[in-house]
Amino acid sequence: MNLYRKMQPLLLLAFITSIPTASSFAVRTTDGTSRRDFLQNVAITSSAAVYIVASNPGIGNAAYGDSSNIVMPNYIEYLIEKNKQVDPNDLLYKGPDLELQLRRIGEAANRLPEIASLCEEKKWSQVQGIITGPLGTLLQTMNSLASAVGTKEAKDAAKLVKNDLIEISAAAGKKDSSGCIKASDKASKDLEKFVTLL
């Protein structure tokens with residue numbers, strides 16, 4: 001049986017090479033070889049690969065009887081690790097940087113007065129650009145500061161500024177300069193009130 005297995009690729013090769021040339025195999029391809037030449041090359045290559053694979057059985061590299069080195073999880077150690085107190089100095093993220101966020105709010109507050117002059121000049125796309133650009137992250141910054149402070153007044157003041165910005169955007173969409181100026185003045189006052197609550 002083992003001898004037949006080793007001889008099988010050679011028998012296949014002998015069979016392929018003994019096929020008589022038929023008219024379907026005699027057609028020449030563009031590079032000058034016939035289909036029969038192609039099939040012979042495929043048969044020789046594949047039979048050699050089969051012979052190499054069949055003649056070398058898979059060798060196991062593991063030593064017989066050795067156990068694996070995988071450490072199984074231990075539920076008790078997990079509970080101990082879970083309940084361990086964490087040193088705040090070891091944390092990668094230590095919360096929002098209040099100084100940086102206050103600086104962002106200050107930069108946004110400096111851009112709010114520009115809205116009134118742009119509304120008087122009827123530059124509505126630039127008004128929308130200020131709302132989505134410099135004031136675009138203002139709400140996120142205010143919400144993180146309000147959650148850091150943790151008071152309801154700070155959260156309510158952040159909501160007021162948000163509503164003011166929505167009013168500015170709606171007035172700019174309607175091209176209503178008086179409503180836009182009124183809403184931007186209200187937003188400036190509400191933003192100052194928010195900063196005083198911090």
Side-chain angles (χ1 to χ4, degrees), residues 58-63 65-198:
I59 300 171
N61 293 323
D66 286 350
S67 63
S68 63
N69 294 329
I70 297 173
V71 178
M72 297 303 290
N74 186 348
Y75 185 68
I76 306 279
E77 290 176 10
Y78 164 74
L79 289 175
I80 292 170
E81 185 71 26
K82 180 179 151 190
N83 293 326
K84 189 172 99 174
Q85 294 295 326
V86 178
D87 184 18
N89 295 328
D90 293 339
L91 294 176
L92 182 62
Y93 178 70
K94 298 178 182 175
D97 185 7
L98 297 178
E99 191 174 312
L100 174 69
Q101 291 183 337
L102 287 174
R103 189 173 343 125
R104 286 181 186 166
I105 289 177
E107 291 170 1
N110 292 337
R111 298 298 300 265
L112 272 172
E114 293 179 25
I115 292 176
S117 62
L118 291 173
C119 289
E120 290 171 357
E121 297 171 10
K122 310 256 189 246
K123 295 183 178 178
W124 305 113
S125 62
Q126 291 182 9
V127 170
Q128 291 290 350
I130 288 177
I131 291 173
T132 57
L135 301 178
T137 59
L138 177 65
L139 295 177
Q140 180 183 4
T141 304
M142 290 175 64
N143 287 335
S144 66
L145 280 172
S147 65
V149 171
T151 61
K152 186 178 182 328
E153 293 84 16
K155 290 180 182 177
D156 291 341
K159 286 180 186 176
L160 286 175
V161 175
K162 176 182 177 181
N163 291 335
D164 295 338
L165 292 177
I166 291 172
E167 286 178 27
I168 294 171
S169 180
K174 294 176 185 175
K175 298 181 180 175
D176 177 18
S177 59
S178 64
C180 198
I181 292 170
K182 207 180 289 183
S184 66
D185 291 339
K186 189 171 181 282
S188 296
K189 291 175 186 172
D190 289 340
L191 189 58
E192 288 175 13
K193 181 182 174 186
F194 174 80
V195 172
T196 58
L197 290 173
L198 301 177

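Just so it is clear, the values below take in all heavy atoms, side chains as well, and ignore hydrogens, waters and symmetry mates. Since the model is a prediction, treat every value here as computed from it, not as a measurement.
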Just to verify, what does E121 make a salt bridge (charged side-chain N to carboxylate O under 4.0 Å, His left out) with, not counting sequence neighbours?
K123
Treating S147 as the side-chain partner and N143 as the backbone partner, does any N or O pair qualify as donor plus acceptor under 3.5 Å?
yes
Minimum-distance pair of heavy atoms, taken over all atoms of P134 and R111:
CG-NH1, 3.4 Å
Separation between NZ (K162) and CG (L160), nearest 0.5 Å, reads 12.0 Å
For K186, does the NZ atom sit with more than 12 other heavy atoms under 6.0 Å from it, leaving out its own atoms?
yes
Looking at every non-hydrogen atom in both residues, tell me the closest pair between G179 and A171 and how far apart they are.
C-CB, 3.8 Å
How long is the span from the CD1 atom in I131 to the CG atom in L138, to the nearest 0.5 Å?
11.0 Å
Heavy-atom closest pair (A158 atom, F194 atom, distance to 0.1 Å) is N-CD1, 3.9 Å
Exercise: identify the closest heavy-atom pair between S177 and K122:
OG-NZ, 3.9 Å
Between Q101 (side chain) and S144 (backbone), is there a donor-acceptor pair under 3.5 Å?
no
From L197 CG over to L145 CG, what is the distance, rounded to the nearest 0.5 angstrom?
11.5 Å
Separation between CD1 (I130) and CD (Q126), nearest 0.5 Å, reads 7.5 Å
Shortest non-hydrogen pair, M142 vs A157, comes out as CE-O, 4.2 Å
Okay, side chain of D176, backbone of A172: is any donor-acceptor separation there less than 3.5 Å?
no
For residues V195 and I105, determine if any side-chain heavy atom of one lies less than 4.5 Å from a side-chain heavy atom of the other.
yes
Applying salt bridge (Lys or Arg N to Asp or Glu O under 4.0 Å) to D185 and K189, what does each step give before you reach the verdict?
CA-CA 6 Å; D185 291 339; K189 291 175 186 172; over 6 Å; no
State, to 0.1 Å, how close E167 and A183 come at their nearest heavy-atom pair, and which atoms those are.
CB-CB, 3.8 Å
Interatomic distance, T132 atom OG1 to L165 atom CG [nearest 0.5 angstrom]:
11.0 Å
Start with the C-alpha distance between R104 and E107, add both sets of side-chain angles, then the distance that settles salt bridge (Lys or Arg N to Asp or Glu O under 4.0 Å), and finish with yes or no.
CA-CA 5 Å; R104 286 181 186 166; E107 291 170 1; over 6 Å; no
Residue among L191, I115, V161, I168 satisfying side chain to side chain contact (heavy atoms under 4.5 Å, CB included) with L135:
I115
Starting at CD of Q128, measure out to CH2 of W124 and round the result to the nearest 0.5 Å.
10.0 Å
